[in-house]
Every structure is written in structure tokens, then in C-alpha cells.
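Chain letters run A, B, ... following the sequence lines, proteins first and then strands; every chain starts at 1. Only heavy atoms go into these numbers, but all of them, side chains included; no hydrogens, no water, no symmetry mates.
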Amino acid sequence: MRVPDKPSLDGLELRWGERWEADGVYRFDRSKTREQIYAIDSPPPTVSGSLHVGSVMSYTHTDLVARFQRMRGLEVFYPMGWDDNGLATERRVQNFFGVRCDPSLPYDDGFDVASVGGGDDPVGISRRNFIELCDRLTGEDEKAFEALFRRLGLSVDWTHLYTTIGERSRRISQRSFLRLAQRDLAYTAEAPTMWDVDFRTAVAQAEIEDREREGRYHVVVFDREDGGTVEIETSRPELIPACVALVAHPSDARFASLVGSEVLTPLFRVPIPVVAHPLADPEKGTGIAMICTFGDVTDVTWWRELGLPMRVVIEKDGRIGSREFGKPGWESRDVRAANAAMRELSGSTVNQARRRIAELLRDAGKLVGEPTAVRHTVKFYENGDRPLEVVASRQWFVSTLEFRDRLLARGEELAWHPAYMGARYRSWVENLNADWCISRQRFFGVPFPVWYPLDADGRPAYDRPILADESHLPIDPQEDVPPGYAPEQRGEPGGFVGDPDVMDTWATSSLTPQIAARWEDDPDLFARLFPMDLRPQAHDIIRTWLFYTVFRADLQHDSLPWTNAAISGFVLDPDRKKMSKSKGNVVTPMELLESHSADAVRYWAASARLGVDAAFEEQQIKVGRRLAIKVLNASKFALSNETPPGEILEPLDLGMLRALRSVVDEATEAFEAYDYARALERTEAFFWWFCDDYVELVKGRAYRSPADEGSRSARAALHLALDVLQRLLAPVLPYAAEE
RNA sequence: GGGCGCGUAGCUCAGUGGGAGAGCGCUUGCUUCACACGCAAGAGGUCGCAGGUUCAAGACCUGCCGCGCCCACCA
């Protein structure tokens with residue numbers, strides 16, 4: 001045994017990191033059975049830059065549990081993944097290399113990105129070439145991520161690494177999709193969906209957030225057939241050309257006589273019916289509202305349930321398109337005026353159109369008073385800058401609404417840590433209002449393993465998709481050819497065309513348990529791991545990652561994907577604001593580890609309970625550093641006397657050990673309840689008492705003659721207590737404990 | 001509008017019906033043979049407010065105030 005003269009934390013991470021790797025101490029032993037295994041569904045961090053100090057905290061939380069379960073004798077399956085599938089990566093690669101993905105181009109296996117000049121316009125390349133570039137760039141980030149996680153001391157088995165754009169993820173994602181399609185749970189439909197006009201893609205309900213915005217209420221006059229008028233209030237007058245009806249509540253006496261009659265829209269003079277529907281709120285506006293295709297999701301409900309026609313004026317780029325009145329579906333009592341008004345709006349953004357139509361209405365005497373300013377909530381894509389529009393387009397959906405009740409039951413079945421986080425899941429599931437739209441009009445993602453036959457005129461038969469053969473996955477329908485067709489038939493009448501879209505990134509990451517456990521690629525391994533024990537994650541993605549993963553497992557395996565969910569909070573800066581790069585208060589994780597040591601940073605992370613947002617406190621990290629150093633020094637004292645210890649007989653020694661035993665019990669109980677912070681708190685309090693009181697009390701006795709019984713008892717007690725304390729602290733301070 | 005969480009020392013936070021606590025920071029003293037990244041002593045609190053239950057409330061119940069978050073059909 002060699003005890004250093006002056007113990008230090010410096011260099012411990014590198015030394016023990018290498019040793020752990022060489023010895024394979026965290027390598028998963030797949031010969032173990034399900035009962036002997038503790039399986040973790042690690043969150044794959046998004047690869048589009050660098051990791052945040054918040055990630056350091058939450059990944060440490062997972063590692064605390066992993067190390068505890070391993071020390072309790074379970075074989076821990078602790079993989080890692082990189083989430084490099086998605087819009088964030090796509091944008092980064094585009095900007096970095098000056099390229100643009102064009103899925104219609106064929107793969108160029110001799111493509112050299114160096115040949116892409118510094119031209120102004122991005123160079124179009126095939127999807128496969130684009131993915132290869134994504135792989136290349138994300139590879140760099142992923143190396144940095146791994147270095148950070150290794151230094152932090154995450155006891156991950158790095159041989160179980162996956163990427164969400166990798167071949168295995170694409171295969172499993174496509175396989176799962178095909179199974180859903182075969183059961184008609186995944187279906188394609190032309191339907192109104194939420195649409196981001198900047199990214200030009202459909203988005204799902206889960207990616208939508210409300211933001212408060214300034215708006216203006218306009219009171220607008222519609223003409224009745226009998227010569228009277230009716231006034232409605234709207235914040236979106238630019239949708240008047242898309243208006244298909246007025247709606248009032250069935251029991252609203254004020255409008256009862258109007259229901260069933262027709263009115264004319266202002267400016268466009270389009271005859272529309274007045275209808276009744278219980279969703280119309282007599283308290284709002286003037287009590288009667290216009291229904292447009294489509295201003296919001298209520299419009300969609302009204303349109304569907306009342307069987308109204310569709311008159312769309314907003315294009316996918318968010319501008320008002322040109323429309324010709326007088327044609328079928330665009331009838332008008334004054335075609336000339338309608339087209340004149342339409343020309344005023346065509347080509348402008350909704351904001352421009354809103355101002356312009358207000359002027360037109362005013363000039364026509366159809367605006368009552370002036371628009372009044374109001375703050376109201378508007379739906380945005382979570383990464384978007386402009387309000388979402390509702391656009392009718394062909395998309396793939398997964399049936400969700402019909403499973404609401406069983407998904408609620410799954411939420412009850414899952415053990416949430418802390419328990420109250422289950423309420424967020426519940427309120428989300430209770431309020432689901434649409435099937436999951438899983439197609440995205442983007443490029444860097446998992447393609448749909450689907451083609452469509454072309455009819456004699458070259459039109460795709462979307463109602464007869466050709467599903468890929470499962471044995472050939474993953475496939476890219478832009479390159480691969482469906483069974484029974486020749487490559488030359490691509491795009492030709494009577495031939496086929498590949499589905500151009502990619503899946504929602506959550507459609508793949510909702511399968512992380514299946515990907516990590518190699519569903520159907522390795523049935524033996526899967527049976528040993530699934531359902532898993534733990535999903536660790538932060539609270540902001542309960543309605544996405546957690547919800548979708550529960551959903552997929554329920555559909556595919558009729559079970560929960562895991563039994564426990566451990567929900568971490570966020571890291572806030574000391575002013576209690578959310579840390580953000582723009583405020584310049586971000587500390588890079590690697591710098592933290594280098595200046596304070598990994599154990600010190602882990603200590604700070606371990607003091608933050610699950611579910612609670614934690615303040616970033618450098619002071620707390622320093623406290624952790626002192627604790628780690630104290631462990632080294634106390635251990636040095638206990639180990640420096642090399643004479644053999646004896647039997648523990650002294651009442652003081654026995655009393656100390658009795659107290660330590662109850663600390664072990666408490667810490668174990670806390671850890672089993674995922675309350676690592678309490679385990680640390682109890683252990684730490686005991687440890688400082690042990691150092692300051694017990695050690696000082698027995699020091700003199702320990703220094704007596706080696707043969708002295710009291711001295712032997714003291715030394716034996718010190719050895720035993722230090723051994724136990726090191727193990728109690730090992731999940732939090734693995735480096736100091738290992739040293 | 002519905003729901004969840006949180007208000008305890010200057011700061012960060014424990015607190016499981018009976019004694020108001022820890023760490024940091026602050027003050028004072030100490031080169032004691034594991035550790036000055038240490039040790040010892042000390043100052044510092046109407047436990048958000050108001051009722052109620054109880055022999056006893058920081059804790060349990062009700063209402064209110066404040067902060068944060070989640071959800072909701074945006075006329």
C-alpha cells in the first residue's frame with residue numbers, strides 16, 4: 001500500500017478514467033438475466049454545438065443512480081446515444097459547408113465537399129451525401145461530448161453507443177413505422193395541420209407553444225340578405241376571403257333567426273351560411289364569429305364537424321396567394337370587386353395583408369370604428385419566429401386520440417420521481433387534440449420507407465402506398481426501388497415515386513429503449529433489457545420525449561418502456577433566471593471540471609433534488625472540492641499506520657460504528673427512492689462529525705503503542721469506517737473514493 | 001380559466017406534529033504530528049399573511065398574497 005504524502009485531486013480523472021476503460025469496469029455483462037439487470041434509457045443529447053452546465057447536472061443525476069445500483073449488485077445497462085437527427089443539426093451543416101439538401105438528386109459517391117466553393121448559393125446535394133456530411137460534422141461534436149462525459153465520470157458503457165441518424169436507428173425507426181402502417185395506426189391523409197411558414201414544414205401539437213403577441217380586434221360588417229347587417233369581431237381580417245361561414249351558439253337568441261340564412265362577406269361579396277355550433281362562445285367578441293379555412297384549430301373543428309367547404313388563401317410560405325373569384329368554389333355576387341380586393345392582398349405577408357384589408361374595409365364602410373389593440377396568445381413552433389398557420393397538406397399521422405385513456409393509465413402506472421411530475425403528463429394527455437403528425441418536409445432525418453405508384457398521368461396514388469420489405473431496412477425511397485419496379489420507372493407514368501418527407505425527430509427518439517436494446521436485431525439482448533428500469537430526463541420534454549416513448553411502447557409492446565422516470569430540473573443562474581448564452585452567463589462544462597475537479601462538480605449536481613430547478617453556485621462546487629480533499633486526507637490518516645489493526649472493543653469506537661450503520665441504512669433507503677441528495681446530505685453530515693469529533697477523540701489513542709488494545713481498536717474502527725464512508729460517497733465522488 | 005411546485009438566517013437549502021437547523025458568507029481566535037481546500041468559538045430568524053384543528057403547528061386543514069412552471073378553442 002502506498003499513501004501519497006500530499007493527496008491531491010489533480011489528475012485523478014485521467015488516471016482513473018484510463019484505468020476504468022482498460023479494465024472495462026462499466027462494461028455490461030449480457031449474460032445476466034432480467035432480474036439481475038438495471039437498464040437505463042439514457043437521454044441522447046442533441047448534437048448541434050456544445051453541452052450546457054444543465055446537462056452536466058442531469059447526467060450526473062443519472063450516474064448517481066447507475067453507480068448506486070451497480071454497488072447494490074445489479075448489472076447496470078448504461079448506454080449512450082447522440083441525437084444527431086433533426087433540424088438543429090441540419091441547419092448547422094448547411095451553414096458550415098455551404099450546401100443544401102436536394103432529395104431529388106442521386107447519390108454521388110465521389111462527392112468531395114472541398115469542391116464546394118465559397119459561392120453565395122448553397123450547392124445542392126443528395127440526401128445521402130447530405131447525411132454523410134452531417135455524420136462528419138456531428139462526429140466532431142460527439143468526440144467532445146464523449147470527452148466531457150468521460151471526464152465527468154459517467155459510468156457509461158461506451159461500447160453501447162448509438163446515434164439517432166445511424167443505421168440501427170433508421171432501421172428500427174422504419175420497422176416500427178411499417179408495423180404501425182400495417183395496423184393502420186400510421187396513415188397518410190390530406191388534412192389541415194399546423195405549419196411553420198419559415199421552416200416550411202408541418203409540426204406536431206407537442207412542438208407548439210403559446211406566445212403573447214400584440215393583436216388588433218377589427219369589428220367587421222357582413223350584409224344580410226334582408227338588407228340588414230351583422231357585425232363580427234376578428235383579429236385576422238385578412239382571412240375574410242377564406243371565410244366560409246358565420247357561427248353562433250345554438251342557444252343564443254340574438255342570432256337564432258339568422259341561423260340557416262346566408263350573409264355576404266364584405267369586399268368579396270361571397271355568400272356564406274350562418275350556422276350554429278356549441279363551441280361558439282356568446283361571451284366573446286360580438287357573440288358571432290367568422291369561420292375561415294383556416295385561422296386556428298377551432299376553425300378546423302367547425303369546418304370538419306359542420307361539413308363546410310374549403311377556401312384557402314394562405315400559401316405554405318405564409319403569404320396570401322392569388323385566387324380568382326367567379327370559379328367553382330369561389331362564387332361571388334360581385335366578381336369584379338372580389339378580384340380587385342384579392343389583387344390588393346396577393347403576394348403580401350399576413351401582417352401586410354391585415355393592415356391593407358383594414359384600409360379596404362374602412363374605405364368600403366365595412367369597418368366599425370377603428371381596430372383596438374389587444375394582447376392575446378398566438379401559437380408558435382417552439383423554434384420558430386412567426387406564428388403558425390393552419391395549412392391543408394398531405395402528411396403521415398399516427399393515431400393518438402383513440403388511445404388517450406390507456407395512455408392516461410400508463411402515466412398512473414409509471415413511478416415518477418418526483419411524483420408530482422406525473423401531473424404534467426396527465427394534463428398533456430387529457431388535452432391531446434390531434435393525431436400525431438410525424439412527417440416533416442425536411443431532409444436530415446429518417447425517411448419514410450414508402451413509395452407511391454404513379455397512375456397513367458404520373459399522379460401519385462397516395463391511398464395505395466407501397467411499403468418497404470422489412471428485411472431490407474433501412475432504405476431511402478429516393479434511392480432504393482420498390483419491389484416489382486425498375487429504377488427507370490422512377491417518376492414515370494405507371495412507375496413509382498418515393499415519399500419525399502422525413503420523420504419527426506421524436507418519431508425516432510421515442511424508440512430509444514428499442515434502439516439501445518436492439519429490438520428484433522438482437523432478440524436475446526432485448527429480452528434481457530426491456531422494459532427498462534429508468535428513464536432520466538428533464539421536465540421540459542415530458543410531453544414530447546417521455547410521452548411519445550410511452551406511446552410507442554404501448555402500441556408496439558403493450559407495456560411501459562420503463563418502470564421509473566427521474567425528472568431533473570433546470571440550472572438557473574444565481575439571479576434565478578434561466579441560463580442562456582445571450583446573457584453571457586454560461587460557464588463551459590469542461591472549464592468547470594478542469595478548475596474544480598469532476599468530483600466537486602458532481603457534488604454540486606448531487607445536492608439538487610430531482611424536479612427542482614437549481615441555482616448555479618460556484619461556491620457549492622468549492623464545498624464539494626473540499627469534501628473530496630477531506631476524504632483523501634482522512635483516508636490517508638486511516639491508512640498511514642501500517643501496523644495490523646485489532647479487534648474493535650472500545651465503546652466509543654462501537655458507538656461510532658453504530659451511528660454509521662444507521663447512516664448506511666438511511667442513505668440506502670434514500671437512494672432506493674431516487675433521493676440521492678438526501679443520501680449525500682446524511683452521509684456528508686456524518687462524515688464531518690466523524691472527522692472533527694471522532695477522529696480527534698481517538699487520535700491520541702491510535703498513536704499509542706501498536707500493541708496497545710485501545711490503539712488496535714481505534715485503528716480497526718478507523719479502517720472500517722473509512723471503508724464504509726468511501727463507498728457511501730463513491731456514487732457522488734467516484735474519483736476521490738476510487739483513489 | 002384549470003393544474004402543479006415553491007415562499008424557513010444575507011445567499012443556497014434541509015426540516016418525517018413536541019429542542020428552529022446545515023453549508024456558504026460574516027466576526028473572533030488557532031502554523032495542534034490526516035487536512036489552513038484545515039480547526040474552534042460567535043453574531044444572525046414575526047418559518048409569506050390570516051384564520052382553524054390539536055395539550056402542542058415551520059409542518060396538518062381553509063382562505064389570501066407573492067414567485068415560478070405546466071396545460072387550455074388565439075373570434
> Are A/His539 and A/Phe570 close enough that their ring centres sit under 6.0 Å apart?
Replying inline: yes

>> Tell me every residue that passes ring pair (Phe, Tyr, Trp, His ring centres under 6.0 Å) with A/Trp688, counting only those two or more places apart in sequence or in another chain.
In response: none

Let me check something: any side-chain donor-acceptor pairs from residues 304-312 of chain A under 3.5 Å, sequence neighbours excluded? List them with distances.
residue, atom, partner, partner atom, Å
A/Glu305, OE1, A/His277, NE2, 2.8
A/Arg311, NH1, A/Gly329, O, 3.1
A/Arg311, NH2, A/Cys243, O, 3.0

>> Side chain of A/Asp210, heavy atoms from C-beta onward: which of B/rA72, B/rC74, B/rA40 has the nearest atom to it?
In response: B/rA72

> A/Val612 near the nucleic acid: base, sugar-phosphate alone, or nothing, with a heavy-atom cut-off under 4.0 Å?
Replying inline: nothing

> What's the closest nucleotide to the A/Gln619 side chain, out of B/rA72, B/rG25, B/rC35?
Replying inline: B/rG25

> From B/rG5, B/rC11, B/rC35, pick the nucleotide closest to the side chain of A/Glu617?
Replying inline: B/rC11

> Does any N or O donor sit under 3.5 Å from an N or O acceptor when you compare the side chain of A/Glu684 with the base of B/rC13?
Replying inline: no

Please tabulate, one pair per line, all N/O donor-acceptor pairs under 3.5 Å involving side-chain atoms of residues 620-633 of chain A, not counting sequence neighbours.
residue, atom, partner, partner atom, Å
A/Arg625, NH1, A/His596, O, 3.2
A/Asn633, ND2, A/Ile629, O, 3.2

> What residues in residues 368-384 of chain A put a non-hydrogen atom under 4.0 Å from any atom of RNA chain B?
Replying inline: A/His376, A/Thr377, A/Val378, A/Lys379

>> Give the residues of residues 422-434 of chain A touching RNA chain B, defined as any heavy atom closer than 4.0 Å, sorted by residue number.
In response: A/Arg424, A/Ser427, A/Trp428, A/Asn431, A/Asn433

>> Can you pull out the residues from residues 283-293 of chain A that lie within a 4.0 Å heavy-atom distance of RNA chain B?
In response: A/Lys284, A/Ala289

> According to a strict under-4.0 Å criterion, is A/Lys630 in side-chain N/O contact with OP1 or OP2 of B/rC39?
Replying inline: yes

>> At less than 4.0 Å, is any side-chain N or O atom of A/Arg213 found next to OP1 or OP2 of B/rC74? Yes or no.
In response: no

